[in-house]
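Counting starts at 1 for both ligands and their atoms, in listed order. This one's a predicted model, so the numbers in the text were calculated from it and none came from an experiment. Heads up: numbering here begins at 1 and tracks the sequence.
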Amino acid sequence: MHPAPAPQIKGWCPGALRPMLSGDGLVVRVRPHAGRLTSVQAAGIAALAHQYGNGMLDLTSRANLQLRGIAPEAHAAVLQGLQTLGLVDSSADSESRRNILVTPFWQPDDGTQRIAATLAQALAAPDAPALPGKFGFAVDGGAQAVLRANPADIRIERGTGGYTVRADGYATGANIGIEEAVPAAMALAHWFLAQRGGLNRMAALAPLHALPERFQAATDFVPSAPKPRPGPVAAGWLVGAEFGQLQAETLAALSTLGALRMTPWQMLLIEGLQHAPALPALVTQAHDARMRVVACTGAPGCLQAAAATRPLARALAPQVPAGRLLHVSGCSKGCAHPRAALTLVATPAGFNLIRHGTAASTPDLLALAPEMIASYLFPTSDAPRI
Ligand code: SF4
């Protein structure tokens, strides 16, 4: 059993071993191995969230699961429960390095799960590179790439001869077989550390340094697929969670339907399911308006938030046109989404509006009162103002 370390008051990569204190208690982040939870693991997490937390769970943009509202004195019991489920790393540093996004659309024989497991082992090794906190990997080995819009510094994708290992921000990569995929990714990680100076992300090196010759060979990459939406897929059924948040009871019900594959899109893939689950809390169809808005925790759950975010996003969702995305953020950190067509950022004076930018971009409009936002954003809508 790991001793429970003191919770971190601030920080943006909470883990199970290094939780973050939020407005509603500790946030304990679970990183499922190779992006998958067995039914037993999912049921166990639901039970822990119910017993020790406030019963709410987050699906994160790094395809992890967060238990919320954990009292600091209950952290040790939660860790013990997670350890029993095989979901605790050997150290906080090792947990932090295991920052791996995995395509949820893998097939049993396509090598994705093998590569993800081997990569996790390599990152847990004593000689693993000491990478910056947000530095991450994407194992995106399907016939089409589905993770290109999701931040990752080193990408392993399908390619000529098997796989391609790429550095984010560069136009070329290395063609390799499956056995070489992880060693090549680790070589690229060590190269990044040698070149980085004070930089934290791979793409920041692109204007400054040419890649090693080996990573300049491949230029022909698999096509990128559009962002998936809820509904049936080859491996099962994709379900969405409003704002990426689930009740423990919903996760417990999902656990009875099959193993769960994590995604970075506020959705879970229920393996092998051939029909929409009868769980009204979940989004099961592609055109549900709830999938057109994202919002971070906001106030009162996040101590950094200047206002509540989710009630506003929920009220605006039916007016957001199909194909567009509205992001409501409690502050300029923009934890919930990197860039959207429309972003509203809470400030003490009201909401700032940013078009086609991030939560930290220069606002187009300042300090809008919540009740005025609908008329600014959707002036031709005949829907009632919020
Ligand atoms: S973006 Fe939202 S969740 Fe993130 S720190 Fe700001 S208020 Fe908190």
Side-chain angles (χ1 to χ4, degrees), residues 7-16 18-31 49 53-70 72 96 99 132-134 136 149-151 200-201 241-247 264-266 290 292-317 320 325-370 373:
Q8 305 292 296
I9 303 300
K10 288 197 173 181
W12 306 109
C13 292
R18 196 182 280 156
M20 181 180 72
L21 187 60
S22 192
D24 54 359
L26 294 182
V27 175
V28 176
R29 180 175 294 176
V30 179
R31 300 182 182 213
N54 62 11
M56 298 304 297
L57 296 129
D58 295 326
L59 305 177
T60 79
S61 61
R62 296 297 303 170
N64 297 316
L65 196 61
Q66 291 180 168
L67 293 83
R68 299 198 70 93
I70 305 291
S96 173
N99 193 1
K134 288 187 183 297
N150 301 98
N200 288 327
R201 303 308 298 259
E242 186 191 40
F243 307 131
Q245 198 155 48
L246 288 176
Q247 301 264 7
W265 314 302
Q266 303 188 340
R290 289 175 287 179
R292 294 178 209 151
V293 289
V294 291
C296 69
T297 302
C302 177
L303 297 173
Q304 275 73 39
T309 53
R310 289 177 174 167
L312 178 61
R314 188 176 286 122
L316 291 171
V320 178
L325 185 73
L326 169 67
H327 173 199
V328 184
S329 185
C331 78
S332 60
K333 291 229 177 243
C335 300
H337 197 76
R339 177 178 282 268
L342 295 167
T343 302
L344 292 166
V345 181
T347 74
F351 282 86
N352 292 345
L353 170 64
I354 295 155
R355 296 183 190 276
H356 303 289
T358 72
S361 300
T362 303
D364 295 285
L365 286 171
L366 293 170
L368 296 171
I373 290 171

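- Remark: ligand 1 atoms within the under-4.0 Å shell around heavy atoms of Cys296 are 1 (S), 2 (Fe), 3 (S), 7 (S).
- Side chain of Thr343 to main chain of Thr358: no donor-acceptor pair is present (N/O by atom type, distance under 3.5 Å, no hydrogens or angles).
- Considering each of Ser329, Cys331, Cys335, the one bringing a non-hydrogen atom nearest atom 4 (Fe) of ligand 1 is Cys335.
- Applying the side chain to side chain donor-acceptor pair (under 3.5 Å) test to Asn200 and every residue at least two apart in sequence or in another chain returns Arg196.
- Checking Cys302 against atom 6 (Fe) of ligand 1, every N/O/S atom stays at or beyond the 2.8 Å cut-off.
- Under a 4.0 Å criterion applied to the non-hydrogen atoms of Ala305, ligand 1 contributes the atoms 7 (S).
- A donor-acceptor pair is defined here as one N or O able to donate and one able to accept, closer than 3.5 Å; no such pair exists between the side chain of Thr309 and the backbone of Ala295.
- Using a 3.5 Å distance cut-off with no hydrogens or angles, the side chains of Gln245 and Arg310 do pair a donor with an acceptor.
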